[in-house]
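Since the structure comes first, as structure tokens, the remarks are kept for the end.
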Amino acid sequence: MNKMTQAVLATVVLSFGLGSTAVYANQVAGKPGSHKPGKHGCGDKCDGKIDIVLDVPRHCDLDVETPQLTLAQTTGGNWSDAGFFNVSTNAPYRLNINAPNNLRSGQNTVPVSMTTTRGGKAYSGTQTSTKGQAHRWDVAATVAGSAIAAADAGTYLGTYNVEVRF
């Protein structure tokens, strides 16, 4: 019986000893923040990287420097006036221009020719970024003298709209 008691006692001690070691090992291995093999920076390769991102949002300034064109007779017999606006952006842009084809006075109209130029060249599409420098856009309105001769008296109006789009 003595041998039987010793065998049971040895089994109990051995079970508690191995069981507690297994529990302790599992707790250490699953502990939050512990390093797991196979992750970046483990083993004989010991380096890493941090990506840096800077997002610069698009920005636009549109300054209409000539808020009104008042057409007056020129030496060539036409009626015209010119003005300009400035555009500053940090990204390529295009102009959405809505220019009148006619000036109106009530039911009466006279045809008007509108031009938009930069550096003497007509606007033709997408422009590059100005990177803080202003692009000057010249706007001219012209009514032929013959249209004035055939027009009824009155104040003829039209609106030139410009929008900067990215």
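Because the structure is predicted, anything quoted here is derived from the model rather than measured.
Side-chain atoms of N96 do not come within 3.5 Å of backbone N or O of E163 as any donor-acceptor pair. For Q68 (side chain) and T66 (main-chain N/O), no donor-acceptor pair under 3.5 Å exists by modelled atom type. Of the possible polar contacts, one joining the T130 side chain to the T89 backbone as a donor-acceptor pair under 3.5 Å is found. Looking at D61, its side chain never comes within 3.5 Å of a backbone N or O of N86 through a donor-acceptor pair.
Cluster note: V56 groups with L54 through ILVMFWY side-chain heavy atoms spaced under 4.5 Å, whether in direct contact or through intervening members. Residues L62, V64, L69, L71, W79, F85, V87, Y93, L95, I97, L103, V110, V112, M114, Y123, W137, V143, I148, Y156, Y160, V162, V164, F166 make up the rest of the hydrophobic cluster containing V139, defined by ILVMFWY side-chain heavy atoms closer than 4.5 Å, directly or through other members.
For G132 against S88, the heavy-atom pair with the smallest separation is O-OG, 4.2 Å. When all heavy atoms are compared, the tightest approach of S80 to T74 is OG-CG2, 3.2 Å.
Screening residues 117-137 for salt bridge (charged side-chain N to carboxylate O under 4.0 Å, His left out) gives R136-D138 as the qualifying pairs, with residues at least two apart or on separate chains. Residues in residues 62-91 take part in no salt bridge (charged side-chain N to carboxylate O under 4.0 Å, His left out) pair, two or more places apart or across chains. Each salt bridge (charged side-chain N to carboxylate O under 4.0 Å, His left out) pair with one or both residues in residues 139-159, not counting sequence neighbours, would appear here, but there are none.
Two residues are said to be in side-chain contact when any heavy atoms from C-beta on lie closer than 4.5 Å; P111 and N102 meet this criterion.
Distance check, rounded to the nearest 0.5 Å: CG of N78 to CD of Q73 gives 8.5 Å.
In this structure, R58 has no salt bridge (Lys or Arg N to Asp or Glu O under 4.0 Å) partners at least two apart in sequence or on a different chain.
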